[in-house]
Amino acid sequence: MQLSVDICNTKSYLAGTGWRRSAPLTALLLRSTAEREQRRHSVSDTDVQEITQQVTTFEELGLSPKVLSAVIDAGYTQPTPIQAGAIPHALEGKDVLGIAQTGTGKTAAFVLPMITRLEKGRARARMPRTLILEPTRELAAQVEENFVKYGKNHRLNISLLIGGVSFDEQLKKLERGADVLIATPGRLLDHFERGKLLLTGVEILVIDEADRMLDMGFIPDIERICKLIPFTRQTLFFSATMPPEITKLTEQFLQAPVRIEVAKPATTNASITQKLVKSGSKPWDKRDRLRQLIRAEGDELKNAIIFCNRKTEVATLFRSLVRHEFDAGALHGDMDQRSRTTMLENFRKGKLRLLVASDVAARGLDIPDVSHVFNFDIPIHADDYVHRIGRTGRAGRSGKAFTLVTKSDKKYLQSIEKLIGEDVDWYDGDLSTLGPEDEHEEKPSRGKAGSKRNDRDRKPKREREARPPKAEAQPEAPVAAEATQPVESHRSAPAPRPAERKDRRDNIRSGNEDRRSRYRDRDDDMPAVVGFGDDIPDFMKIVGKV
DNA sequence: AAAAAAC
């Protein structure tokens, strides 16, 4: 079934061609505080000043020529509603309350005016001039990329303060004086407590994804940080929804903000084909099912994100897929930052076909051109479903989203269908001829042949944890060798014939390799390589490069 | 029935 989903369409605005399609979106612009108060609880269409049709180009927004030229160079001509609404006010120095989903062009809505305003003045050591708070490290890094892209005509000192990486380099950049400081709350406060950071010079504060910060328990940190910054600052505040806690926060820390609300569009151009796929409820049933689906999609599946609900499941599924010779990587919050960065980078570059991920990758991540999304686990919260499948079908492309559904998933499925206002079709393709896994299908109890594999599946988390390969853990594939050995050369190596593949798989299942990996030193745990001989997946050979 | 974030 073809179903339009708001987040996906709006996401397409980030792509060059997408920004022109602003018609379905409506930006609400309520000018005065009084007006806003009056209408807070009942915003109706007649209250709305539509600005979408009025502003048609970036030139009209008041951005500086240098910023404008970077925007044009990036291929954008028309601002999205949130950009058209927020930029003029942000340039005037007003506080902005932006209510918008990720992917509505929200990031550029604060990056562009900030760069314009930063043209005047200069940063002093340890006193950043602007501060942007993000809920996850990957989003923070993504915002940094935006500053690099749109600030290419400027000489901005940009500093990224996130956890999981060393302090030293971050300190150096702070010492040099940061025009732009992008941070996750934990690491920012860490630096502050060490006395390496003064927030008294911050002219512009951006709080992004506020409702997600709320979910993550960041609000006390946010309140603390806000209090450290002089109230003469300008605050740009973004949230997809406005629960009471967030409203309270805005009342506390924003001064006479201009409220800009981007409504969810009812229909979209970009579309995602969604399918539900019945599966047995055991993890191995689901893994079998997933492999069948991936094979059934064949070449149509260019690349895919596979979402699991738990980090342990991400790790297990990742290892399982690699064992079955799929080109897979993993991304979740317990992985070391280096692996996270590398996995995401390789997936973005197309060096990795499958990315098994937790919901750390569900929202906001800008990965154009993902052909498929699989929900290995049905998301417990319906809005996560929308965010997850919104990773595909972007930039005017079509996408496919498959969700594995077990008997116990019914209530979650119901809440999803209620949220999106439509029933999702069941997969009608034939998966019964797609491989040896089928014989395990829907088996209520484990057969003898499968029991060893299942034993492994049930091992406690720590020993099974997927350790995405670290560069230093594979001396046989040093960075230098990678440079002289292009990825294509691996690709062109003769692939094992189907019969060999099956043999190898059975061999792995027999448990010999398992025993080896089980007793290996944990830090040296590179299970994916064990048993592959020379047939190491591409991505493992390139992880040295960051 | 979860994930995310500082050491």
Side-chain angles (χ1 to χ4, degrees), chain A residues 102 132-143 160-171 174 181-197 207-225 228 239-240 279 281-283 286 305-318 330-337 339-341 343-344 355-365 375-388 391 403-416 461 465-466:
Chain A
T102 56
I132 298 144
L133 293 171
E134 293 288 333
T136 69
R137 298 170 186 176
E138 276 75 15
L139 284 178
Q142 201 166 280
V143 170
L160 181 65
L161 299 190
I162 58 172
V165 292
S166 89
F167 277 84
D168 296 350
E169 212 174 311
Q170 296 180 350
L171 285 175
L174 284 178
L181 184 59
I182 306 152
T184 45
R187 182 57 72 97
L188 181 89
L189 287 169
D190 203 343
H191 277 284
F192 183 80
E193 280 160 12
R194 292 171 189 223
K196 305 297 181 189
L197 184 61
I207 297 165
D208 198 12
E209 304 264 337
D211 51 348
R212 201 171 170 207
M213 300 237 202
L214 173 71
D215 288 346
M216 292 165 66
F218 279 163
I219 296 306
D221 287 348
I222 299 300
E223 285 179 340
R224 203 181 142 200
I225 293 165
L228 295 170
S239 188
S279 169
S281 55
K282 299 296 183 199
K286 293 170 85 173
I305 305 180
I306 303 162
F307 285 103
C308 303
N309 286 354
R310 294 179 203 76
K311 289 178 279 198
T312 50
E313 197 61 58
V314 171
T316 312
L317 178 59
F318 161 65
L331 184 68
H332 66 70
D334 278 356
M335 286 163 51
D336 62 89
Q337 190 55 38
S339 301
R340 282 170 68 165
T341 307
M343 289 289 182
L344 190 58
L355 185 68
V356 189
S358 69
D359 279 320
V360 71
R363 300 189 194 203
L365 282 193
N375 286 311
F376 183 79
D377 299 311
I378 197 164
I380 291 161
H381 295 300
D383 51 343
D384 285 335
Y385 176 83
V386 179
H387 287 292
R388 286 181 181 186
R391 298 308 94 200
T403 301
L404 298 188
V405 182
T406 69
K407 274 182 189 149
S408 50
D409 291 340
K410 238 175 203 166
K411 57 178 170 177
Y412 301 112
L413 177 59
Q414 280 173 352
S415 69
I416 287 168
K461 171 195 167 182
E465 185 72 19

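Chain letters run A, B, ... following the sequence lines, proteins first, then strands; residues in each count from 1.
Rounded to whole angstrom, the span from the CZ atom of A/Arg388 across to the P atom of B/dA3 amounts to 10 Å. The CG atom of A/Leu171 sits 15 Å away from the P atom of B/dA6 (whole-angstrom rounding). The separation between A/Asp190 atom CG and B/dA5 atom P is 15 Å, rounded to whole Å. Note: NE2 (A/His332) to C1' (B/dA2) measures 13 Å, nearest angstrom. Separating the CG atom of A/Leu139 from the C1' atom of B/dA3 is a distance of 13 Å, rounded to the nearest angstrom. Rounded to whole angstrom, the span from the CZ atom of A/Arg340 across to the C1' atom of B/dA6 amounts to 13 Å. Between the CZ atom of A/Arg363 and the P atom of B/dA4 there is a distance of 13 Å, rounded to whole Å. One interatomic measurement links the two molecules: NZ of A/Lys311 to C1' of B/dA1, which rounds to 14 Å at whole-angstrom precision.
Using a 4.0 Å cut-off between charged nitrogen and carboxylate oxygen, A/Asp336 and A/Arg340 do not count as a salt-bridge pair. One finds a salt bridge joining A/Arg363 and A/Asp383 here, because a Lys/Arg side-chain nitrogen approaches an Asp/Glu carboxylate oxygen to under 4.0 Å.
The side chain of A/Tyr412 lies closest to B/dA1, out of B/dA3, B/dA5, B/dA1. Nearest to the side chain of A/Asp409, among B/dA2, B/dA1, B/dA4, sits B/dA1. The nucleotide whose nearest atom lies closest to any side-chain atom of A/His381 is, among B/dA1, B/dA4, B/dA2, B/dA2.
In this view, A/Arg137 and A/Gln337 satisfy the side chain to side chain donor-acceptor pair (under 3.5 Å) rule, not counting sequence neighbours.
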For residues 214-224 of chain A, run the donor-acceptor check on the side chains, cut-off 3.5 Å, and write out each pair with its distance to 0.1 Å, sequence neighbours left out.
{"unit_1": "A/Arg224", "atom_1": "NH1", "unit_2": "A/Glu193", "atom_2": "OE2", "d": "3.1"}
{"unit_1": "A/Arg224", "atom_1": "NH2", "unit_2": "A/Glu193", "atom_2": "OE2", "d": "3.2"}

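Ring centers of A/Tyr412 and A/His381: at least 6.0 Å apart, outside the cut-off.
Using a 4.0 Å heavy-atom cutoff across all strands shown, A/Asn309 reaches sugar-phosphate atoms only and no base atom. Within 4.0 Å (heavy atoms only), A/Arg137 reaches sugar-phosphate atoms of the nucleic acid but no base atom. At a threshold of 4.0 angstrom between heavy atoms, the contacts of A/Asp215 include nucleobase atoms, whether or not backbone atoms are also involved. No contact: A/Gly217 has no heavy atom under 4.0 Å from any strand.
Put simply, A/Thr184 has a side-chain N or O that comes within less than 4.0 Å of OP1 or OP2 on B/dA6. For the OP1/OP2 pair of B/dA3 and a distance below 4.0 Å, the side-chain nitrogens and oxygens of A/Thr136 include no atom meeting the criterion.
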